[in-house]
**Q** 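A single structure is presented below for examination.
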Amino acid sequence: MNGSLYKRSNLARIAELQKLVPEGAKSYFKLEHLAFEPKLLSTKEKELIAAAVAHVTGCPYCIDVHAGKLKKQQGSMSELAEAILVASAVHAESVLYHGVNAVLTMSGEQTDSLYSASNMDRFDEFRALAPASFTAYDRFADAVFAEQGAVDARLKGLIAVTAAHVIGCAYSIARYVKHYCELGGTREEIAEALLVAGVVNAGLVLSHGVNALEAFDAAEAEATR
């Protein structure tokens, strides 16, 4: 392998993966097609969600693919930037929320349940340990979720819901689902968005399969020297 571990040309090897597991690949691409069909959410909205999710997972292939598809849907740089910032705010907040769990452990208040809804009742104790930093985060989050901008508040709320699910933070899921409900969002919209996020998350693993092929080729070549 050369120095670049991620190249657009690597994705040409997806066809090799498809040949190795043809039925599985066929099912995945059918699911992908269905997930991105315009229904309650437009294809553009779904690509904006996908691009935000790709930045949570950190997959260079997914970022490139979905930013490119968003552009084809007449998405703007401003919309993409705002969606990425929403995902960033949710990701940062989920780390802060988990700080409560650490505080409980450090204080010796260990119970069998490591993840209780009541833990959030202690969040202010954690905030009090670094008030200036939390104030700075609050200002950042307020700016990110402000109603004015290229992306409306409701779509930002839906992006936050999907980001929370990809991150896997139950605290954030509860917070942002409630927030989206208050914005007038529906269960059906959440389900559509989560299907998109699930496809993108699975796509990360699939697209990284080309790296596995590259690594396997290198290992075979080394073994035959």
**Q** For atom CZ of R154, is the number of surrounding heavy atoms from other residues, nucleotides or ligands below 6.0 Å larger than 12?
**A** yes
**Q** Donor-acceptor pair, K46 side chain versus A35 backbone, under 3.5 Å?
**A** yes
**Q** Is there a side-chain contact between L195 and L31, using heavy atoms and a 4.5 Å cut-off?
**A** yes
**Q** Using the side-chain contact (heavy atoms from CB on, under 4.5 Å) rule, pick out the option among K71, E47, H55 that qualifies with H66.
**A** E47
**Q** Taking atom CG of L20 as the centre, does the number of heavy atoms from other residues, nucleotides or ligands within less than 6.0 Å exceed 12?
**A** yes
**Q** Using every non-hydrogen atom in the two residues, find where A202 and Y28 come nearest and quote the distance to one decimal.
**A** CB-CE1, 3.9 Å
**Q** State whether the side chain of N201 and the backbone N or O of V166 hold a donor-acceptor pair below 3.5 Å, judged by distance alone.
**A** no
**Q** Give me the one residue out of R187, K39, E45 that meets side-chain contact (heavy atoms from CB on, under 4.5 Å) with E192.
**A** K39
**Q** So, N10 and Y61: side-chain donor and acceptor under 3.5 Å apart, yes or no?
**A** yes
**Q** Work out which heavy atom in A153 is nearest to a heavy atom in E147; give both atom names and the distance.
**A** CB-CG, 3.9 Å
**Q** How long is the straight-line distance from CE of M106 back to CZ of F126, given to the nearest 0.5 Å?
**A** 11.0 Å
**Q** So does I159 get a backbone contact from the side chain of Y180, meaning a donor-acceptor N/O pair under 3.5 Å?
**A** no
**Q** Which label fits Y171 and Y97: parallel for a plane angle under 30°, tilted from 30 to 60°, or perpendicular past 60°?
**A** perpendicular
**Q** Is N101 reaching over with its side chain to a backbone N or O of Y115, donor-acceptor style, under 3.5 angstrom?
**A** no
**Q** Using 0.5 Å steps for rounding, measure from the CD1 atom of I63 to the CD1 atom of I84.
**A** 7.5 Å
**Q** Give the minimum heavy-atom separation between L48 and L70, together with the two atoms involved.
**A** CD1-CD2, 3.6 Å
**Q** Walk me through whether I14 and F29 qualify under side chain to side chain contact (heavy atoms under 4.5 Å, CB included).
**A** CA-CA 12 Å; I14 288 288; F29 287 113; 4.1 Å; yes
**Q** Ignoring hydrogens and angles, tell me if any N or O in the side chain of S27 forms a donor-acceptor pair with the backbone of E23 under 3.5 Å.
**A** yes
**Q** Quick check: is L96 connected to L85 through a chain of hydrophobic side chains (ILVMFWY, heavy atoms under 4.5 Å apart)?
**A** yes
**Q** Do T135 side-chain atoms and P131 backbone N/O form a donor-acceptor pair below 3.5 Å?
**A** yes
**Q** Just so I know, are the side chains of T162 and Y176 near enough to count as touching, which here means a heavy-atom distance under 4.5 Å?
**A** no
**Q** Does any N or O in the side chain of E189 come within less than 3.5 Å of the main-chain N or O of T186, such that one atom is a donor and the other an acceptor?
**A** yes
**Q** Restricting to non-hydrogen atoms, name the atom on V90 and the atom on A164 that form the minimum distance, rounded to 0.1 Å.
**A** CG1-N, 3.9 Å
**Q** Hey, mind stepping through H33 and E37 against side chain to side chain contact (heavy atoms under 4.5 Å, CB included) and telling me if it holds?
**A** CA-CA 6 Å; H33 174 74; E37 277 187 339; 3.4 Å; yes
**Q** So for atom CE, which belongs to M120, do other residues, nucleotides or ligands contribute more than 12 heavy atoms lying within a distance under 6.0 Å?
**A** yes
**Q** So, do V86 and V151 sit near enough that their side-chain heavy atoms are less than 4.5 Å apart?
**A** no
**Q** I'd like to know if I49 and L40 are part of one continuous hydrophobic network [Ile/Leu/Val/Met/Phe/Trp/Tyr, side-chain heavy atoms within less than 4.5 Å].
**A** no
**Q** Hey, is the main chain of R122 close enough, under 3.5 Å, to the side chain of E125 for a donor-acceptor pair?
**A** no
**Q** Atom CD of E82 and atom NZ of K156: how far apart are they, to the nearest 0.5 Å?
**A** 4.5 Å
**Q** Can you give me the closest heavy-atom contact between S113 and S116, atom names plus distance?
**A** OG-OG, 2.7 Å
**Q** Would you kindly confirm whether F123 and L129 end up in one hydrophobic cluster when ILVMFWY residues are joined by side chain heavy atoms under 4.5 Å apart?
**A** yes
**Q** Using a 3.5 Å distance criterion without hydrogens, assess whether the side chain of K69 forms a donor-acceptor pair with backbone atoms of A51.
**A** no
**Q** Please report the closest heavy-atom contact between V177 and H165, naming both atoms and the distance.
**A** CG2-CE1, 4.4 Å
**Q** Quick check: do D64 and L11 have side-chain heavy atoms less than 4.5 Å from each other?
**A** no
**Q** I would like to know whether L41 and L158 meet side chain to side chain contact (heavy atoms under 4.5 Å, CB included); could you show each step before the answer?
**A** CA-CA 11 Å; L41 304 175; L158 190 53; 3.8 Å; yes
**Q** When clusters are formed by joining ILVMFWY residues with side-chain heavy atoms under 4.5 Å apart, either directly or through shared neighbours, do V161 and I167 land in the same one?
**A** yes
**Q** As a quick check of understanding, evaluate side chain to side chain contact (heavy atoms under 4.5 Å, CB included) for S94 and H91, giving each step before the final call.
**A** CA-CA 5 Å; S94 73; H91 208 167; 4.0 Å; yes
**Q** Tell me whether V200 is reachable from Y6 by hopping between hydrophobic residues (I, L, V, M, F, W, Y) whose side-chain heavy atoms are closer than 4.5 Å.
**A** yes
